[in-house]
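Step one of this worksheet: look at the structure below.
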Amino acid sequence: MSNFETNAIRIQAERSGAKEHSVPLYLTSSYKFDDAEDMRALFANEREGNIYSRYSNPNTSELIEKMAVLEGAEAGWATATGMAAIFTTFAAFLKSGDHVLSSRSVFGSTHQLLVNVFPKWGVTSTYADLDKTDEWESLIQPNTKLIFVETPSNPGIDIIDLEWLGNFAKKHKAILVVDNCFATPYLQQPIKYGAHLSIHSATKYIDGQGRTLGGLILGSKELITEIEAFARHSGPAMSPFNAWVLSKSLETLAVRMDRHCENALKVAEFLESNQEIEVVKYPLLKSHPQYEIAKKQMRAGGGIVTFVVKGGYDRASKFMDALKMFSISANLGDTRSIATHPASSTHSKLSEEERQQVGISQGTIRVSIGLEHIDDILADIKQALELTKLALA
Ligand SMILES: *Cc1c(COP(=O)(O)O)cnc(C)c1O
């Protein structure tokens with residue numbers, strides 16, 4: 001089994017008993033040992049097996065194994081949320097005095113960790129722009145332990161050349177961590193380019209239907225062992241139920257992503273041709289500054305389109321209210337199309353200047369293009385633009 005779709009469907013937890021075709025849910029907090037000797041051997045790490053669901057569970061193990069194969073990684077770890085995956089990674093590898101070089105465009109809560117949480121423990125960080133790699137060298141410090149990036153970024157849809165970044169991290173002997181949430185392993189495999197860890201908020205496209213929270217960390221056995229050493233005792237474990245849902249969701253990841261990408265490209269092309277729009281950012285638009293890099297490292301452009309409507313906040317909020325089918329929500333990667341106004345929601349904790357630096361203005365709208373029929377998606381955007389155009393006049 002070597003193809004993505006087949007692995008996503010056919011990798012299944014080992015089991016015996018009822019011969020069920022679909023893997024059942026192992027809703028158990030702990031496991032029995034055969035005898036006292038078995039218990040001793042498991043605790044002494046002489047034998048592999050389940051001890052307690054904070055450490056492992058057949059459903060989380062299945063999800064991890066599948067995701068590791070899909071990402072081209074040796075091993076992995078599952079957490080309750082995407083933020084738990086990011087926190088766990090930082091906490092497992094950073095100590096007081098260490099420095100993190102991070103892309104400036106990061107998820108709002110990742111920004112909070114870097115500026116408000118880790119400094120309490122003596123860990124500092126510097127931001128670098130994804131599109132200005134010539135500046136990165138000067139931002140490295142002797143104590144730079146970890147490099148963290150999101151590509152494509154949220155919501156700016158900026159992209160960094162992963163091949164360049166893999167070499168850069170190697171040269172500086174830093175652990176390279178890529179938040180691969182927007183792309184999923186179906187569109188992009190950072191480990192192939194030298195990333196040490198690929199991280200996911202499984203809440204987004206891995207679930208793909210807006211039901212459960214989840215996080216995943218994939219990488220080498222060596223690094224995952226360090227993650228495990230921290231996570232076993234600090235307890236960010238994913239619930240078996242969520243792992244069961246997410247593993248089933250992976251079975252349809254490829255077909256879902258194909259359609260998300262196909263729909264999103266059509267939306268991006270439509271918006272680019274519309275006079276009510278100032279700018280559109282989508283990886284596979286020729287106008288994207290990193291279009292060539294996107295084509296090199298991504299199978300397709302993903303499901304997120306970010307654009308700026310003419311008329312600032314007033315127009316942006318009227319446009320959102322005029323949408324009939326799109327949901328107004330802060331989530332993304334759902335079957336249902338979603339519109340978000342980052343400046344007043346996901347990125348409201350940033351100052352106006354910080355927002356400008358990551359390309360968010362008051363007119364910026366991020367849409368997560370769902371799996372509804374493309375004609376209905378386009379019709380909703382068109383009518384909302386048309387309606388608010390009249391309101392402005
Ligand atoms: C949502 C998101 C996260 C955080 O994930 P949660 O599951 O909400 O904790 C991290 N990074 C990116 C890029 C995200 O979109």
Side-chain angles (χ1 to χ4, degrees), residues 60 63 67 71 76-91 100 102-115 117-118 127 130 146 148-160 162 177-185 187-188 190 195 197-218 231 234-239 241-243 245-246 249 257 260 264 281 283 298 301-306 329-334 338-342 345-350 358-360 364 366-370:
T60 46
L63 174 67
M67 274 297 284
E71 282 276 2
W77 193 260
T79 55
T81 66
M83 284 322 302
I86 294 171
F87 178 83
T88 297
T89 302
F90 287 172
V100 178
S102 168
S103 58
R104 189 183 306 282
S105 309
V106 283
F107 187 69
S109 295
T110 307
H111 172 71
Q112 291 299 319
L113 285 186
L114 290 172
V115 302
V117 178
F118 278 89
Y127 283 140
L130 288 170
L146 191 147
F148 183 88
V149 299
E150 264 178 41
T151 183
S153 67
N154 175 24
I157 317 290
D158 290 317
I159 287 164
I160 193 164
L162 285 172
V177 183
V178 176
D179 183 331
N180 202 26
C181 172
F182 270 35
T184 80
L187 302 183
Q188 169 177 288
L197 295 167
S198 181
I199 292 201
H200 289 273
S201 165
T203 314
K204 313 298 167 53
Y205 289 105
I206 305 299
D207 173 31
Q209 288 147 86
R211 300 167 298 188
T212 63
L213 297 166
L216 285 147
I217 310 163
L218 296 315
S234 52
M238 177 185 280
S239 106
F241 177 75
N242 286 3
V245 170
L246 292 166
S249 299
M257 290 315 288
H260 278 299
K281 283 287 275 296
M298 296 178 74
I304 310 290
V305 184
T306 297
S329 170
N331 198 18
L332 58 91
D334 197 307
I338 290 170
T340 308
H341 182 255
S345 62
T346 53
H347 290 69
S348 59
K349 301 286 184 299
L350 272 63
V358 290
I360 302 170
T364 299
R366 182 191 77 193
V367 283
S368 167
I369 301 303

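Note: hydrogens, waters and symmetry copies are ignored here, and every other heavy atom, side chains too, is used. Both ligands and their constituent atoms are indexed starting at 1 by order of listing.
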R366 side chain to T346 side chain, donor-acceptor N/O pair below 3.5 angstrom: no
T89 and W77, any side-chain heavy atoms less than 4.5 Å apart: no
Note every protein N or O atom lying under 3.5 Å from an N or O atom of ligand 1, pairing the names and giving the distance.
{"from": "ligand 1", "atom 1": "5 (O)", "to": "S201", "atom 2": "OG", "distance (Å)": "2.9"}
{"from": "ligand 1", "atom 1": "7 (O)", "to": "G82", "atom 2": "N", "distance (Å)": "2.9"}
{"from": "ligand 1", "atom 1": "7 (O)", "to": "S201", "atom 2": "OG", "distance (Å)": "2.8"}
{"from": "ligand 1", "atom 1": "7 (O)", "to": "T203", "atom 2": "OG1", "distance (Å)": "2.6"}
{"from": "ligand 1", "atom 1": "9 (O)", "to": "G82", "atom 2": "N", "distance (Å)": "3.1"}
{"from": "ligand 1", "atom 1": "9 (O)", "to": "M83", "atom 2": "N", "distance (Å)": "2.8"}
{"from": "ligand 1", "atom 1": "11 (N)", "to": "D179", "atom 2": "OD2", "distance (Å)": "2.7"}
{"from": "ligand 1", "atom 1": "15 (O)", "to": "K204", "atom 2": "NZ", "distance (Å)": "2.7"}

Is the backbone of [Y] close enough, under 3.5 Å, to the side chain of [X] for a donor and an acceptor to pair up by distance?
| X | Y | answer |
| --- | --- | --- |
| S198 | P190 | no |
| Q188 | T151 | yes |
| T340 | S329 | yes |

Mutual orientation of the aromatic rings belonging to F118 and F90 [parallel < 30°, tilted 30-60°, perpendicular > 60°]: perpendicular
